[in-house]
Amino acid sequence: MARLFITPREIDYISDLTKEVTKDIIGQKIFYYTVREDLTTVHDVYEEAPEKVFNPPVELDALVEWQPETFKTTKFGSEETATIEVYLHARDLTDKDFQVRSGDYFSYGQLFFEITSVIADKNVYGQVEHQTGYKVTGKQARQGQINVKPLGPTSEAIDDPDAVQKTFVQQRGQEENSLGKTGDVRALQQNEKLEAPISKPQEVSNKGNSVTTDSSFYGDE
Amino acid sequence: MSTRLDKAYSDGVSRGTGYEGQNVAVDDYLPPCTIEDVDRALFNLFNGEIPLFYEFENNMKRVPIIFATGERFAVLRRKKPLRDKAGALILPLVSIMRTDINQDAAMGPGQGSPAVIRKRLSKDDPKYQRLLNSRNLKFQDGADHPSHLADGSGNGTEDGKLATRRVDGSPDEDTRSGNHIKATLGTNIFEIIEMPPVKFYTASYEVTFWAQYTQEMNGMISALMSTYHNNHQRQFRIESDKGYWFVATVDASISPGTNYDDFTDEERLVKYSFNITVPGYLIMPDFPGSLNGLRRYVSAPETSFASTQTAGVPVDPVIGGVASSDVNSYILNDFAMADEPLPGQAIGADGIASTLRIAGVDVPGASVSTVDNRPSSAQDKKGADTPKNIEASVGGFSASGTTQQMLRVTHDPFTGKKITKVVRVKSRNQRKGETVYREGLTTDLGKI
């Protein structure tokens with residue numbers, strides 16, 4: 001599409017629409033663990049580190065393409081392994097000044113994944129400087145590669161307090177919501193093309209009518 | 001005893017493993033030589049020894065070396081990045097990949113038995129030298145001398161002095177001429193440090209040169225070919241940081257991996273590969289679960305061949321090579337101690353006598369085995385072990401650690417009847433002409 005019709009304002013609009021879908025509606029997220037190679041003792045010949053040092057996990061909004069685990073029975077016995085593809089919004093990463101790199105780890109549910117590849121997914125209407133997002137492929141990490149307890153939501157079969165996500169709060173371009181800082185920036189609002197939303201971010205939580213349902217629904221309060 | 005680490009005691013029969021005994025040399029340290037040392041030595045050869053450089057923007061840069069291959073995070077985030085901003089590798093590069101470890105290395109000494117790596121004077125040697133007084137110093141109270149005997153008669157030692165019954169000698173020439181600090185070695189207590197046997201192997205590597213241009217490749221290959229220690233054998237002397245060194249031999253062929261014949265839809269590849277073999281060795285590798293294999297021994301400065309004559313006929317158990325196949329030998333096996341030797345199989349041995357011996361009753365004709373082929377689970381918790389208390393005897397006498405058995409003929413004090421018994425000698429003192437027999441279970445041989 002010609003640049004004549006897709007202006008920076010349209011690019012911002014597309015970006016904000018993507019954020020609205022991922023952050024305010026879908027609500028999938030991963031927890032990203034950056035390996036601190038500067039703090040990790042890396043073997044100088046083999047370039048490996050059994051004991052890695054990680055940054056604290058960062059919560060990233062994402063579109064997760066879940067794939068069933070692969071079940072294999074070999075001479076070592078049976079084994080289940082998972083591969084996952086995660087789509088991260090490029091503008092969102094830029095806003096947060098966050099870099100996704102191969103070799104880092106992330107958790108989704110109970111599983112940890114080592115990032116095997118990070119690929120720029122598409123251009124926005126052929127404009128090379130604007131990426132829609134990154135396709136991150138993760139291969140299930142084994143115990144020993146990363147030894148951290150996964151953060152929830154993990155599984156309803158687990159008793160941990162955060163095993164099931166009971167609260168979902170929209171971000172809507174606000175710096176903070178009831179869960180804390182969002183890091184969310186909506187370009188049209190920032191550039192004063194749109195005014196800030198009149199209503200506050202909606203949430204799904206236990207504040208709803210306990211007689212008929214366990215959770216409030218969007219707009220029930 | 002499935003591995004050499006399980007053999008807890010020396011037995012004088014089987015070959016030493018290097019891990020027997022508790023005499024670990026805790027004050028000594030031997031840097032382990034492992035597979036990593038060979039890898040590192042070869043890596044250092046290419047990373048720092050062979051002049052592999054290329055020019056970039058009028059600067060000389062060393063060609064990066066990759067030991068195939070590290071974890072993603074580490075390889076991708078080197079201090080000197082291997083990739084450009086787009087993620088493509090920056091050429092030239094050298095990759096080293098270990099392709100094989102061959103244990104069939106018929107070379108080198110020391111693979112069979114522990115090796116002595118150090119011999120030094122023991123900390124106790126100065127004390128012993130004072131007792132020995134090899135320079136025959138007469139007027140030094142701290143040195144042992146016959147003149148220090150009380151009254152010169154052997155009834156004790158004068159106060160504050162050391163005395164000896166050794167024959168009085170004259171100071172040697174060095175002492176008389178005042179050369180007291182001349183180093184001499186003679187009768188000393190030596191401390192000996194042993195290490196477990198070395199394991200040899202051959203490690204093979206595939207090295208790949210990958211360049212952007214043939215000119216770069218020519219330079220890299222020339223650097224390799226012109227820096228051999230030995231041009232005929234194409235060898236390098238490679239060294240690990242710990243000081244161990246190995247000989248790396250480069251195969252004659254350096255094979256191209258180029259795609260010049262057709263690279264219509266592909267990147268032009270300028271690659272060459274060759275193989276390197278390095279005979280290596282393992283010295284006390286420090287893998288998780290490994291044991292300290294350094295052992296410390298102290299030499300015996302004096303060896304005395306003394307004979308003691310005891311009235312009686314020695315009737316020690318016959319030493320058998322293998323365990324007895326006679327079922328009679330195991331009738332009383334439930335009485336056996338965990339480290340008791342098995343009944344032996346020997347000419348003239350009697351199974352009943354052997355099993356009685358297990359039960360603590362000594363009878364002529366018993367036999368003990370020098371080997372023990374029971375599985376570990378049937379023995380003590382230290383694992384299968386050969387008998388520890390068996391020593392060869394010569395002429396009815398053996399080393400001091402062995403219990404001697406004698407045939408004694410006595411008379412019953414009440415009946416006057418002649419009784420023949422086997423008794424064990426507890427101690428003997430030749431000087432006093434005294435032999436003490438151990439009180440215990442004895443059998444009247446007249447009744448069996």
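Chain letters run A, B, ... following the sequence lines, proteins first and then strands; every chain starts at 1.
Of the two parts of A:V35, the backbone and the side chain both hold a non-hydrogen atom closer than 4.5 Å to a non-hydrogen atom of chain B.
Atom OH of B:Y213 sits in a sparse spot, with 12 or fewer heavy atoms from other residues, nucleotides or ligands closer than 6.0 Å. In this structure, B:F287 places its CZ atom where more than 12 heavy-atom neighbours from other residues, nucleotides or ligands lie under 6.0 Å away. Remark: A:D97 CG is loosely packed, at most 12 non-hydrogen atoms of other residues, nucleotides or ligands lying under 6.0 Å away. The environment of CZ in A:F76 is sparse: at most 12 heavy-atom neighbours from other residues, nucleotides or ligands sit within 6.0 Å. Within a 6.0 Å sphere centred on CD of A:E51, other residues, nucleotides and ligands contribute 12 heavy atoms or fewer.
In this structure, the separation between CZ on B:F73 and CD on A:E47 is 9.5 Å, given to the nearest 0.5 Å. Of the inter-residue distances, the one linking B:N47 atom CG with A:D44 atom CG reads 9.0 Å to the nearest 0.5 angstrom. With rounding to the nearest 0.5 angstrom, the CD atom of A:E114 is 7.0 Å from the CD atom of B:E71.
A pairwise comparison of heavy atoms in A:Y46 and B:E36 identifies OH-CA, 3.2 Å as the closest pair. Of all non-hydrogen atoms in A:G103 and B:R72, the two that sit nearest each other are CA-CB, 3.6 Å.
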